[in-house]
Amino acid sequence: MLEDALEFECPYCLAAMSISVDLTEGRRQKFVYDCQTCCRPIHLEVRVGEEGLIEDFQALAENE
(Lines give C-alpha, C1' and ligand atoms only; values in the text may rest on other atoms or scores of the structure.)
Protein backbone atom coordinates (compact mmCIF):
# COMPACT_ATOMS: atom_id res chain seq x y z
CA MET A 1 0.00 0.00 0.00
CA LEU A 2 1.34 3.40 -0.98
CA GLU A 3 0.36 6.27 1.30
CA ASP A 4 0.85 10.02 1.35
CA ALA A 5 0.10 12.50 4.13
CA LEU A 6 -2.54 15.11 3.41
CA GLU A 7 -2.54 18.27 5.50
CA PHE A 8 -5.44 20.72 5.46
CA GLU A 9 -7.54 23.03 7.61
CA CYS A 10 -11.03 22.27 8.86
CA PRO A 11 -13.42 24.42 6.79
CA TYR A 12 -15.48 25.09 9.95
CA CYS A 13 -13.05 25.84 12.80
CA LEU A 14 -9.75 26.14 10.83
CA ALA A 15 -8.00 23.53 12.99
CA ALA A 16 -4.97 21.90 11.35
CA MET A 17 -5.65 18.31 10.21
CA SER A 18 -3.43 15.56 8.87
CA ILE A 19 -4.50 12.18 7.47
CA SER A 20 -2.94 9.43 5.39
CA VAL A 21 -4.35 8.75 1.93
CA ASP A 22 -3.99 5.33 0.29
CA LEU A 23 -2.76 6.20 -3.21
CA THR A 24 -3.69 2.76 -4.56
CA GLU A 25 -7.45 3.27 -3.96
CA GLY A 26 -8.05 5.00 -7.29
CA ARG A 27 -7.33 8.23 -9.12
CA ARG A 28 -10.39 10.05 -7.73
CA GLN A 29 -11.24 9.48 -4.11
CA LYS A 30 -14.02 10.99 -2.01
CA PHE A 31 -14.53 10.40 1.68
CA VAL A 32 -15.77 12.06 4.86
CA TYR A 33 -13.50 12.80 7.82
CA ASP A 34 -14.80 14.21 11.11
CA CYS A 35 -12.83 17.13 12.53
CA GLN A 36 -11.08 16.11 15.74
CA THR A 37 -11.67 19.58 17.21
CA CYS A 38 -15.26 20.55 16.31
CA CYS A 39 -16.53 17.06 15.26
CA ARG A 40 -18.17 18.34 12.05
CA PRO A 41 -17.97 16.31 8.82
CA ILE A 42 -15.36 17.35 6.26
CA HIS A 43 -15.85 16.11 2.70
CA LEU A 44 -12.48 15.36 1.14
CA GLU A 45 -11.94 14.99 -2.58
CA VAL A 46 -8.51 13.75 -3.67
CA ARG A 47 -7.14 13.37 -7.19
CA VAL A 48 -4.11 11.12 -7.67
CA GLY A 49 -2.01 11.64 -10.79
CA GLU A 50 -0.56 9.04 -13.10
CA GLU A 51 2.76 9.29 -11.24
CA GLY A 52 1.02 8.07 -8.08
CA LEU A 53 1.19 11.44 -6.28
CA ILE A 54 -1.61 13.65 -5.01
CA GLU A 55 -2.29 16.25 -7.71
CA ASP A 56 -5.20 18.09 -6.14
CA PHE A 57 -7.48 17.94 -3.12
CA GLN A 58 -10.33 19.85 -1.54
CA ALA A 59 -11.58 19.93 2.03
CA LEU A 60 -15.20 21.06 1.90
CA ALA A 61 -17.89 21.82 4.44
CA GLU A 62 -20.99 19.63 4.32
CA ASN A 63 -23.08 21.94 2.08
CA GLU A 64 -20.37 23.10 -0.33
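Every value quoted in this text rests on a predicted model; they were computed, and no experiment measured them.
- Among residues two or more places apart in sequence or in another chain, the salt bridge (charged side-chain N to carboxylate O under 4.0 Å, His left out) test is passed with E9 by none.
- Applying the side chain to side chain donor-acceptor pair (under 3.5 Å) definition to pairs two or more places apart or across chains, those involving residues 48-62 are R47-E55.
- A single hydrophobic cluster is not seen to contain both L60 and L6; linkage of ILVMFWY side chains at heavy-atom distances under 4.5 Å, directly or through other members, places them apart.
- Here the NE2 atom belonging to H43 is positioned 8.0 Å from the CG atom belonging to N63, to the nearest 0.5 angstrom.
- The two residues C13 and C38 have their closest heavy-atom pair at SG-SG, 3.8 Å.
- In terms of hydrophobic clustering, with Ile, Leu, Val, Met, Phe, Trp and Tyr side chains grouped at heavy-atom distances under 4.5 Å, L44 and L14 are assigned to different clusters.
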Would you mind writing out the side-chain donor-acceptor pairs for residues 25-34 within the sub-3.5 Å range, not counting sequence neighbours?
residue, atom, partner, partner atom, Å
R27, NE, V48, O, 3.1
Q29, NE2, D22, O, 2.9
Q29, NE2, G26, O, 3.2
Y33, OH, Q36, NE2, 2.8

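- Here the straight-line distance linking atom CD1 of I42 with atom OH of Y12 works out to 7.5 Å at 0.5 Å rounding.
- Pairing each heavy atom of T24 with each of L2, the nearest pair is CG2-N, 3.8 Å.
- Residues that satisfy the side-chain hydrogen bond (donor to acceptor under 3.5 Å, both in side chains) test with R40, not counting sequence neighbours, are absent from this structure.
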